[in-house]
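Keep in mind that what you see is a predicted model, and the values were worked out from it rather than measured. Counting starts at 1 for both ligands and their atoms, following the listed order.
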Amino acid sequence: MCGIVGYIGKKPVVEVLIDGLRKLEYRGYDSSGIAINAGGKIKIYKAEGKLQNLVDVLTKHTEETKTAKIGIGHIRWATHGAPTEINAHPHTCTCGKLVIVHNGIIENFKELKEELIKKGCSFRSQTDTETVAHLIAQEFAQTKDLTQAVRLATKKIQGAYALGVMHQDLPGMLVATKRNAPLLVGIGEGEFFIASDVPAIIEHTKKALYLNDNEVVTLTTEMKLIDAENKKVTPKIEVLPWEPVALSKMGYKHFMLKEIHEQPDVIRNVLSGKLYNIDEPISLKEVKLTKETLKNLHRIQVIACGTSLHAAMVGKYLIEEFCSIPVDVEASSEYIYRKNVTDKNTLVIGVSQSGETADTLTAIKQSKEKGSHILIITNRPDSTMAREADSLVPVSAGIEVSVAATKSYTAQLISFYLLALYMAEVKGSLDEKTLVELKKELIVLPQKLEMILSNKEQIQKCAKAYANHKDFIYIARGINFATALEGALKLKEISYINATGYPAGELKHGPIAMLDETMPVLSILMQGKVYEKLLSNAEEAKARNAKLIALTNSSDKKLDELFDFIIKIPEVDEIFSPVIAAVPLQLLAYYIAEFLGKDVDQPRNLAKSVTVE
Ligand code: AGP
């Protein structure tokens, strides 16, 4: 979480920094700040709340900022210290000449702070970050070399960090480093950028260097890279696979709505190059699972957080169904704090939109140490997780700006269909006819989503009718239990309405006690083997006066009598219904939040990339 950006070059630095921070707002947005070197002096501007507040502050200082050509900026998601102006980054050393921005958590900051106070440093904020500013300044006082000061100071730090550092007396130098937090250097014509993520720099350059942990980069008129032991490193420059146009709303009111509408094309994109022809095998070029490896697998563990965890739950169902290999799914944050019995006969699949989620990354590293094959399903083939992978399934959803995941979820689902079919083909666990039938259904999913997207009025009507309810229950069974969880999560995230997903059979084991005429119960009622069972569970809710909504692909007449509101979606084989059912639930959450006037793309307390445990 938190976004950092830095610039050294000939452009007006304030514009570059603010523009970069705007693109990183998805990482946190409770306060922001920049530091520049203007006329040989470090100047710092900060504001609480949204980035616009900082922009308003800066408009009063255009004269003093206009000539600056070097600076660092930060957008914060508070971990240590409230989201106030004083705790906003950048932070400085005691004399104010050395200034830093930081993303991550300094775990030993209390011990470091005590020592630094004893040495005479005076602290202004409650943040862990300020410790690092003092620590680097102490080293700088000894070495008079900013690169070395950063290298030596970070050796004393425990935890995660990406840092951008400047010193008043070195107006032509920007230093950056990282450990367990993302940071890249953008390389332009006679200019350099640092950023937590690609969107902050993609409008300026497509050439970049991804820093490895503990490397320190020094940017002046040239770039120098060293490792933790002060050895020179040759930078590995990459071409970024992003287009600036992806960051525009393209006429939609919110990024979330635009991203929901992109889903048919996203699915086509995920399938292209992997499923050429229904008669040919699935091609996953970066998956290195041989027949031998699959034969020796005892089990598969899938680890993920949030929405990615829900995609993983669908993935479990598919792999067990198509490949008959037992699959466990677990939240990464739980996985990492218990005895890890993973081994070389376990395939560990990490699922993450961002590829940077701290809990999932830690879980992956733990299982890698135990010798497991690591397969990563991510939307960011340039991410830290992708770099840790033995096998990779890039989900190709394109950049997702809205904090609430939508298109990345359906792209993860499609990736799981492809992976499960691929494994079934390698293992020989499905017959040819079934494989062809499944592939046929898979390739027509985009058209079915287009039908849903062209029939949004029914969902808007439902949103309007139910927006003022305080609680919601989503029920489903089988493969769509994950859909219920994901639908409820979407509603919680962007409308702040309390919504819970249950396996419908569990309703009578407790949650039914909450039902009365004030409680809407939304049933994900897809045709298939649990249809009748779910219908009985809905009847039980009706008997307790709950208001019943159905999301269904059935034309069953008895539904009209039972349900207060019906959202109708196209027919599909039950195994593919999670894809079809996810989209109307995303739209329902969107329209409820929009109707309630919520900040859809930047919901309170959330950040898109959760890089702290
Ligand atoms: C989704 O709407 C959420 N923003 C959140 O649950 C997210 O899915 C979770 O933090 C995991 O992120 P990742 O997929 O980038 O690992």
Side-chain angles (χ1 to χ4, degrees), residues 1-3 24-29 77 180-182 196-199 254-257 259-260 263 302-315 329-336 349-365 376-386 388-389 393-413 415-416 482-483 485-496 499 501 582-583 585-590 593 598-613:
M1 0 262 282
C2 300
L24 296 178
E25 262 189 302
Y26 72 87
R27 299 179 71 88
Y29 29 78
W77 187 88
N180 292 333
S196 304
D197 200 359
V198 175
H254 295 101
F255 277 108
M256 181 175 176
L257 194 58
E259 287 159 3
I260 290 173
Q263 292 177 105
V302 196
I303 41 187
C305 302
T307 290
S308 299
L309 182 64
H310 301 150
M313 290 168 70
V314 177
V329 177
E330 196 168 2
S332 317
S333 51
E334 290 301 315
Y335 183 90
I336 55 185
I349 303 180
V351 192
S352 173
Q353 186 283 130
S354 63
E356 301 292 346
T357 300
D359 289 320
T360 308
L361 197 53
T362 309
I364 291 301
K365 286 182 177 167
I376 299 293
I377 298 179
T378 182
N379 195 29
R380 298 296 302 266
D382 53 337
S383 63
T384 314
M385 259 180 240
E388 290 282 334
V393 180
V395 311
S396 322
I399 197 140
E400 189 176 63
V401 177
S402 185
V403 166
T406 53
K407 62 174 180 171
S408 65
Y409 177 66
T410 42
Q412 286 170 345
L413 293 183
S415 303
F416 266 116
T483 314
L485 293 179
E486 177 56 13
L489 178 68
K490 283 290 88 80
L491 187 62
K492 278 187 273 219
E493 282 186 302
I494 60 170
S495 71
Y496 320 141
V583 178
L585 296 181
Q586 295 166 350
L587 283 167
L588 182 65
Y590 172 81
K598 303 294 182 204
D599 191 346
V600 172
D601 284 333
Q602 295 178 345
R604 70 183 184 202
N605 306 338
L606 297 181
K608 188 148 190 77
S609 183
V610 185
T611 54
V612 293
E613 272 186 29

Starting from atom 10 (O) of ligand 1, which protein heavy atom do you reach first, and at what distance in Å? V610 CG2, 3.9 Å

Does any donor atom in the side chain of Q586 or T406 lie under 3.5 Å from an acceptor atom in the other side chain? no

Would you check the N or O atoms of T307, main chain and side chain alike, for any that come under 3.5 Å of an N or O of ligand 1? yes

Does T307 form a side chain to side chain donor-acceptor pair (under 3.5 Å) with Q353? I'd like the steps, not just the answer. CA-CA 9 Å; T307 290; Q353 186 283 130; over 6 Å; no

Element-labelled atoms of ligand 1 that are located less than 4.0 Å from some non-hydrogen atom of S308: 8 (O), 13 (P), 14 (O)

As an exercise, identify every atom of ligand 1 less than 4.0 angstrom from a heavy atom of A404. 2 (O)

With sequence neighbours excluded, residues passing side chain to side chain donor-acceptor pair (under 3.5 Å) with T410: Q263

Whether E356 lies under 4.0 Å from ligand 1, heavy atom: no

Please write down residue, atom name and distance for the protein heavy atom closest to atom 15 (O) of ligand 1. S354 OG, 2.7 Å

Which residue supplies the protein heavy atom nearest to atom 11 (C) of ligand 1, what is that atom called, and how far is it? C305 O, 3.3 Å

Is any side-chain heavy atom of V198 closer than 4.5 Å to one of R380? yes

Sort out for me which residue in N180, T378, T384 forms a side chain to side chain donor-acceptor pair (under 3.5 Å) with E356. T384

Among all protein non-hydrogen atoms, which one is nearest to atom 12 (O) of ligand 1, and what is the separation to 0.1 Å? T357 OG1, 3.4 Å

What's the shortest distance from atom 5 (C) of ligand 1 to any protein heavy atom, and which residue and atom give it? E493 OE2, 4.0 Å

When you compare ligand 1 with A405, is there at least one nitrogen or oxygen pair between them that comes in under 3.5 angstrom? yes

Are S408 and N379 close enough that a side-chain donor and a side-chain acceptor fall under 3.5 Å? no

Mind checking the CG-NE2 spacing from L485 to H310? Nearest 0.5 Å is all I need. 4.5 Å

Does V403, backbone or side chain, put an N or O under 3.5 Å from an N or O of ligand 1? yes

Using ring-ring contact (aromatic ring centres under 6.0 Å, His included) as the criterion, list what pairs up with Y590, not counting sequence neighbours. H254

